[in-house]
Amino acid sequence: MRFLHTADWQIGMKAAHLGEKAGAVRRKRLETARRVVELARERKVDFILVAGDVFEHNGVSRVAVREVARLLGSAGRPVYVIPGNHDPREPGSVWEDPAWVGQPDVHLLLTPKPVPLPGGVLFPCPGSRGGSRRDPTAWIEAGGGTGIRIGMAHAGVEGVAGSDGADVVGRDAARRAGLDYLALGHWHSTALYEVDGAVRMAYSGAHEATAFGERDSGNVLLVEIEAPGAAPAVEAVRVGALRWLRKDYRIASRGELRRALEDLEAVPDPETALVECSIRGTLYPDESEILHRLEQTLEERFLLGRLRRDGLDLEPDWDEWLESLPEGFLREAARLVQRDAADEIIRRQALLLLYRATLGVAG
Amino acid sequence: MILRRVSVRGFRCFREPIELVLPDAPVVVLAGPNGAGKSTLLEAVVRCLLDNHNVTGDAVQALRPWGADLAPEIEVEFEHGGHAWRARKRFLDRPFSTLERRAADGRWSAVAENRGADERLRELLAAEEIKRGLAKQTHSSLLRVLVTPQGRLPLGSLSGPLLEQVREALGASLAGEAGRKAEKRLREVYERWFTDAGKERKASPVRRLRDAAEKARERAADAVKAMNEIEAFRAQVKTAARELEAAQAALAKLRPELEAAGTAEAEWKRLKQEERLAEAEQRAASTSLQALEKAVAEIGRLRKELAERRQKKVEAEKGTQEAEVAEAAARKKLEEAEADYRAARSREEELRQLERRLEAGREWQAIAREQESLRGLLARVGEIGGEIEKLRGRIAALQAPERTTLDRVRKLAAEIARLDGRIDAALVHAEFVPEIAAGVTVLEGEPRATRRLEPGEVFEVAGEGKVEIEIAGVGRFRARGPAGDLTALRAQRSEAAERLAGLTAPFGASDPGVLEQRLRERERLEAEIEKLETERITRLGERSEDGVERRLEELAARRAELAAEYPEWKSAAPDLEAAEAEVEALRKTVGRELEEAERRRRERQELAVRKQVEHAERRSELEKLENEIEEKQKRLAELESDGLSEDQRSEELRKRKLRWEDLTRKLEETKRKLGELPAGIEERAAELRERAAELERTVREKERARMNAEADLGAALRRAPYEVYAEAEEERNAVERELAAAEREAEAVRLAWQCLAQAKQAALGDLAGPVAEEAAGLLERIAGRRLADFELGGDFAVAGLRPPEGPPKVPVEEFSGGEQEQIHLAVRLALARILTGRERHLVVLDDVLLNTDDERLGRIFELIEEWSGRVQLLILTCHPERYRTLGAARFLELAGNRIHEVEAADRAAG
């Protein structure tokens, strides 16, 4: 038995922190879902398991629902889908959309009832909204029947941080339920759980990362189980196209800011990169122009570029800069700014404005 | 600004063109005698640089040369800001203005024309806008300080925009050119965000982003609302489904109970129907039994009553016949009494005839009396008429005037007497009484006669105006008196006499006394007539004589009528007393007879009525009995119409009683069965049915509610609320982030600008200090010792000086005339040094150092020469020899409308 395990596509995902780039990220998630289906065809899997949260919300556009239904229906093999906590079964849910009716290969498993698989049986455990901290696999009885026993649930794992507010399965859920493999959805990073030396439970993770800081998202799992009780062979395959990069630079001497700029300019495929850049340390007034260019690079070069410069300090070279100012009220004005600014960021910006004015740089 | 060339034509004293070319020297002395036009040339420069070319008014008209209608034309070449400029202006006639700049190849190229040229020039010279009239050099901060006109060396207080300009200029110098540029750049940045008043600009990015953020927030809030709405719809769907399920369960639970209640109700209804039928049958049997019992009883009673009524009818018929006979007898007696009564009434007619005759007799006699009286009246009235006629004849014969006429006669007579008096008084009277006899002839006057007078005889003469008499043997005597209106008086008198004659002519006498007497007699006769008239009226009363005669005729006619009716009265008058006695006797007899007949007739009438009533009563009683018998016979026939015999009827009665008893028992049995059933079966079944219907309704409603909620939910979801929400949130986030950055930037811009303004203000506040310091240094150089420290106000006016050894503060006026010149010059030069900055500028002194001694003047020259790299000094003077020691100076002389340079040798000679 060979199948593809994926989850947490979260089609229609809101990404307020991405601002105007959120639309592009959403489109990318759908494209990557297409890539997942292609992969299933390429690798000739028997079926596909989608372990919940296909959609971000039950209120997503019906166009998106139809697109996903068509996409899953085009896989050319059975696709088994359970609702997650984002798209639970409820009145008006995406699962009521008529688009699913025309896709005979797509099986929406909305209730916990065993479903026969080619060569085995599938125990679906649909997710619920809000989470009740119950174990959704509790209903599966160990033993009985023949063939490979596969479970599919949308839940956290007991005792692991980040499972708050969701249904949770015990770490021994696969063993307790007599499952050969328990396909999980909910966490966005790939995670495999071994029981007695074999991977019996795994999170495929989201096919595309959803935020900065996700450890290992952007994968699907290809699983092969030869016979009941045999150890599953699990292969993580990268499908995610977006790169969520965090760049931290500490500027301690002249020239380092320029090097940071060069580093950013060297990032490959910038059109698929989302960059969160943080600069700390000292800004030398004569390098303020480089800072300006760095800002422009972030803004113009990447799919998303964001700069945090709260940690940037002008202080160490202030005296030097002050001395460089022509004698008179300009210098006094700079002193006043330094003295009166209530806020560090504003102080820095105001000083830079004065500095640029003296250099003849456009404000 | 460095002045290179000035060309003037048609300007004040310069009718013909004149050109001043300034040699390239640090000091140029333009010398010329008083009135040569030195100051006029300086004014021409100010006009050309500051004035609007199209200025109008008396002041600009005064620029024309005296007595010539020429348009003033000025051309000034100068250097400023590293460029050579040429300004040309013509005023008044076809005015124009041009500003040109010399290019690298030496050719002039136009920079601006007319108004543009005027404005650009002022801009170059830091001058304010000229709204109307001619400009003053004080309109330009530069010229105000750098050009010192004749007799106006003290700079005085600077104020308003000018002070600001000076401060600006000084302030710019504080931070140098770089500072000025930096300030300008920062201002440009500031003005993108804020207005001069410090308010946010409408076009500022913050404002735009704030609006965008507000809209984005609204959109996000709307999206959240839509999401909440979906949750609400979803809750509605769930609630409706739950309620539907509950209603369906309740309905299912109710159904068996409803069926059992239905069966019990059917049995109860069947028994009830049976009971209703039994009751109806029993009621019918009872009615039938009672009817027969009643008929049997009534038949018996009717038979008995009929026998009784028939007996009574026989008796009643007999009584009716007797009453009829009695009524006929009474009617007959009544008829007799009626006849008697009519006979008595016929005697009444006889009495009425007698009474009419008596009345006619009385009238006959009254007529006779009235006729007599009226005839007496007519006789007396006739007599009175005769007497009146006689009296009227006597009045006519009297010829007496009317009272008014007599009054007018009297008035005229008095007028004539008055006129006679006045005529007499108007005459000259002379009275002559001779002592001896004398013959007198009146020559003038009246009487005109010759008379012989006796001794003592009085002779009077009267004349009009004069009298003249001749006394024989004595001479003529002439007397004159007043001549006047005698003729008029006589005419008046004659007229009065004529009028009197005319008035009295009808009476034959003109004496008022006679006429008065006649009038009185007439009045007496008229009084008599009136008395007679009064008597006649009294006698006749309201009647007229004709009326009395008509009445007499009527009386005669009536008497004739009466005589026709009673002819015997023609011969003998009626005897009224006998007639009255006869009438009275007859009246008594007739009254008695009539009363008796009346009484008898009334009695008979009453009797007849009584008998008639008795008869009618008997007849009525008989009719009643007959009706009763007929009625009862009819009823009996009805009752016996069943055709049954009495026995048969008894048998029928018994049968009916048995049936009734049977039905009563059956009814009681049904009632017993009903009584055994539980109470309220029907109500219970109805209640259950009602509950079931209610539940069915609820099921339908809940189904509908669920469908509606599902439809609402579906419609809301079709709008992709989450997608809308996601996009709105993303947009809001992006805009808010941008806004926060813009707000920070705006705050930084504001802070930078405010700090700059604050620093500059503080620096400007301290400007007077450096200027005072500079001036004190210059004054020390000029005086050769530390003369005093300056105290300058914020407006750069000299508030006083502090001599090192003297009192704390001394006013300028307490210094000598020469020192005052030097003090003011020092302030000007100190300001000029700061104002001019790095740019070289023209400094003009127009005959201002008149009281400065040569030694100090020499020191001033030293200073000027030291500054030669920074200023171009133009000295206008009529004492060029004072400046001969100025080695760096070149001398020009203005004389006879031309300017020429004076060589050193000439200077020395001068």
Side-chain angles (χ1 to χ4, degrees), chain A residues 12-23 26 55-65 90-94 96-97 306 325-343 345-363, chain B residues 171 174-179 181-186 188-189 192 226-227 230 233-234 236-238 241 709-710 713-714 716-727 729-735 737-738 744-745 747-764:
Chain A
M13 182 189 78
K14 174 187 81 168
H17 59 294
L18 301 183
E20 59 190 10
K21 300 293 172 65
R26 267 196 291 278
F55 297 97
E56 170 73 2
H57 194 274
N58 274 325
V60 297
S61 122
R62 270 21 194 173
V63 175
V65 176
E90 61 188 3
S93 74
V94 289
E96 289 177 6
D97 195 282
R306 185 156 294 151
L325 279 176
E327 203 176 311
F329 59 79
L330 270 178
R331 193 186 285 183
E332 182 55 28
R335 281 203 188 94
L336 285 173
V337 168
Q338 197 193 26
R339 190 194 69 190
D340 294 346
D343 178 293
I345 296 172
I346 287 169
R347 183 171 74 99
R348 196 172 298 117
Q349 270 186 293
L351 285 173
L352 274 174
L353 274 167
L354 277 173
Y355 184 77
R356 284 183 181 164
T358 58
L359 286 186
V361 176
Chain B
L174 291 177
E177 182 62 14
K181 283 182 179 165
E183 185 190 351
K184 191 178 168 209
R185 283 187 211 105
L186 196 58
E188 283 168 7
V189 174
R192 283 210 294 274
M227 296 277 286
I230 283 174
F233 287 145
R234 191 168 279 141
Q236 281 172 21
V237 171
K238 284 181 181 168
E710 281 172 349
L713 179 61
L717 283 167
R718 275 193 293 281
R719 291 194 287 273
Y722 181 77
E723 203 161 280
V724 174
Y725 162 70
E727 282 169 7
E729 275 292 300
E730 286 153 10
E731 188 191 347
R732 182 182 63 79
N733 217 282
V735 174
R737 191 178 290 115
E738 235 182 303
R744 269 200 306 278
E745 192 174 347
E747 198 49 43
V749 168
R750 189 199 289 277
L751 178 67
W753 179 253
Q754 281 175 347
C755 288
L756 187 79
Q758 193 184 334
K760 189 176 169 191
Q761 195 57 39
L764 287 172

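So that the names make sense, note that chain A is the first sequence line, chain B the second, and so on, each numbered from 1. Keep in mind that the numbers below use all heavy atoms, side chains included, and drop hydrogens, waters and symmetry copies.
Contact annotation for Asp97(A): neither backbone nor side-chain heavy atoms come within less than 4.5 Å of a heavy atom of chain B. For a residue to count as touching a neighbouring chain, one of its non-hydrogen atoms must lie under 4.5 Å from one of that chain's; by this rule Glu747(B) touches chain A with backbone and side chain alike.
Here Gln754(B) contributes atom CD and Leu336(A) contributes atom CG; the two are 11.0 Å apart, rounded to the nearest 0.5 Å. Considering CD of Glu183(B) and CG of Leu354(A), their distance stands at 11.0 Å, rounded to 0.5 Å. Rounding to the nearest 0.5 Å gives a distance of 9.0 Å between CG of Leu717(B) and NE2 of His57(A). Interatomic distance, Ile346(A) CD1 to Arg750(B) CZ, rounded to the nearest 0.5 Å: 11.0 Å. Atoms CZ and SG, from Arg339(A) and Cys755(B) in turn, are 8.0 Å apart once rounded to the nearest 0.5 Å. Atom-to-atom distance recorded for Leu353(A):CG and Leu756(B):CG is 11.5 Å, nearest 0.5 angstrom.
The candidate with the highest count of non-hydrogen atom pairs below 4.5 Å against chain A, out of Ala734(B), Ala241(B), Ala748(B), is Ala748(B). Each of Gly12(A), Gly92(A), Pro91(A), Ser61(A) has some count of heavy-atom pairs under 4.5 Å with chain B, and the biggest count is that of Pro91(A). The most heavy-atom pairs under 4.5 Å with chain A, out of Glu729(B), Arg719(B), Lys238(B), Lys184(B), come from Glu729(B). Contact tally against chain A (heavy-atom pairs below 4.5 Å) for Arg718(B), Arg737(B), Glu710(B), Glu727(B): the top residue is Arg737(B).
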Notebook entry, point to check: For Lys14(A) and Tyr725(B), what are the C-alpha separation, side-chain angles and deciding distance, and is it a side-chain hydrogen bond (donor to acceptor under 3.5 Å, both in side chains)?
Noted result: CA-CA 8 Å; Lys14(A) 174 187 81 168; Tyr725(B) 162 70; 3.2 Å; yes
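Taking each heavy atom of Ala350(A) and Ala752(B) in turn, the nearest pair found is O-CB, 3.9 Å.
Legend: residues meeting side chain to side chain contact (heavy atoms under 4.5 Å, CB included) with Ala22(A), ordered by chain and number and at least two apart, are Ala15(A), Leu18(A), Arg26(A), Glu730(B). Applying the side chain to side chain contact (heavy atoms under 4.5 Å, CB included) test to Glu96(A) and every residue at least two apart in sequence or in another chain returns Ser93(A).
In this structure the side chain of Val63(A) never reaches within 4.5 angstrom of the side chain of Glu723(B), judged on heavy atoms.
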